[in-house]
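Report on the following structure.
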Amino acid sequence: MNRITVRAFNELWYRRAPRRRMEHLETITSFFHPLDAVQGWNRLYGRRGFVQYQFVVPEDAAATVRQSLERLSAARCASFLAVLKRFGPGNPGPLSFPAPGWTLALDIPAYVSGLGDLLDELDRLVVEAGGRVYLAKDSRLSPELIPAMYPELDRLRELRARLDPSGVMQSDLARRLQLL
């Protein structure tokens, strides 16, 4: 993966789209997991691999999506896969990720210089916009940002204290992000 191959792929993908608006039904698998059709897609980034990063921001914070892409572009950080979707209502789960608004998912090469600082900067943009990072794809988020991103965290902690008072049920993610 490099800027040239990513640019070529994006151009081909863009040209593949129909010229006129078409409405059709897609299978759940092809919609939510388009790369599953490409065998060994995860090897495209080479031995150093990639980092998945996804966030959601409210509808009125769409400019945050643009700012994020501009900052990634300025850092010469090409993403082979970028998926932008509009979410409807989420569910009432205390750590539910979906929320009404825009979600952007990216696969970013892990070798990008200064990637940690860049993602920290994007995290702050997301928090300022009232959004949150998708914890299922996270491996580096700062625990200090979690309460702002997930305002139902206290409800999770209360539920956990009631159902698991001994604290037996926990995960590496919960310990790293101080969720419980």
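This chain uses plain numbering: 1 for the first residue, then up along the sequence. What you see is a predicted model, and the numbers here were worked out from it, not measured in a lab. Both backbone and side-chain heavy atoms feed into the values below; hydrogens, waters and symmetry mates do not.
Side-chain atoms of Leu122 and Phe55, non-hydrogen and from C-beta on, never get closer than 4.5 Å to each other. By the 4.5 Å heavy-atom criterion applied to side chains, Leu95 and Leu153 are counted as neighbours. Between Glu59 and Trp102 there is a side-chain heavy-atom pair separated by less than 4.5 Å. Side-chain contact between Arg140 and Asp123: present, with at least one pair of heavy atoms (C-beta onward) separated by less than 4.5 Å. Residues Phe97 and Leu135 are not in side-chain contact: their nearest non-hydrogen atoms beyond the backbone lie 4.5 Å or more apart.
Closest non-hydrogen pair, Met169 versus Arg160, comes out as O-NH2, 2.7 Å. Across Ser96 and Pro98, no two heavy atoms sit closer than the pair OG-CD, 3.5 Å. Between Pro89 and Pro100, the shortest heavy-atom contact is CA-CG, 4.0 Å. Nearest heavy-atom pair across Leu115 and Pro109 is CD2-O, 3.7 Å. Shortest non-hydrogen contact noted between Pro58 and Ala129 is CD-O, 3.2 Å. Scanning all heavy atoms of the two residues, the minimum distance from Arg176 to Pro143 falls at O-CG, 3.6 Å.
Interatomic distance, Leu177 CG to Leu145 CG, rounded to the nearest 0.5 Å: 9.5 Å. The OG1 atom of Thr103 lies 3.5 Å from the CD atom of Gln54; values are rounded to the nearest 0.5 Å. Separation of atoms OG (Ser139) and CD (Gln52) is listed at 9.5 Å; rounding is to 0.5 Å. One distance of note links OG of Ser142 with CE of Met149; it measures 8.5 Å at 0.5 Å rounding. To the nearest 0.5 Å, atom CG of residue Leu104 and atom CG of residue Leu72 are 8.0 Å apart. Note that CD of Glu144 is 6.5 Å distant from CD of Gln178, once rounded to the nearest 0.5 Å.
At a threshold of 4.5 Å between side-chain heavy atoms, the hydrophobic network of Ile, Leu, Val, Met, Phe, Trp and Tyr places Phe50 and Leu69 in two separate groups. Side-chain heavy atoms closer than 4.5 Å link hydrophobic residues (I, L, V, M, F, W, Y) into clusters, and following such links, possibly through other members, connects Leu84 to Tyr53. One hydrophobic cluster holds both Ile146 and Leu173 under the rule that ILVMFWY side chains link at heavy-atom gaps under 4.5 Å.
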Could you go through the salt bridge (Lys or Arg N to Asp or Glu O under 4.0 Å) check for Arg66 and Glu70 one step at a time? CA-CA 6 Å; Arg66 176 181 276 282; Glu70 288 170 349; 3.6 Å; yes

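Under a cut-off of 6.0 angstrom, the local environment of CG in Leu163 is crowded, with over 12 non-hydrogen atoms contributed by other residues, nucleotides or ligands.
In this structure, Tyr150 contributes its side chain and Val133 its backbone to a donor-acceptor pair below 3.5 Å. Judged purely by atom type and a 3.5 angstrom limit, Ser68 uses its side chain to pair as donor or acceptor with the backbone of Thr64. Of the possible donor and acceptor atoms, none in the side chain of Arg132 sits under 3.5 Å from a partner among the backbone N and O of Val56.
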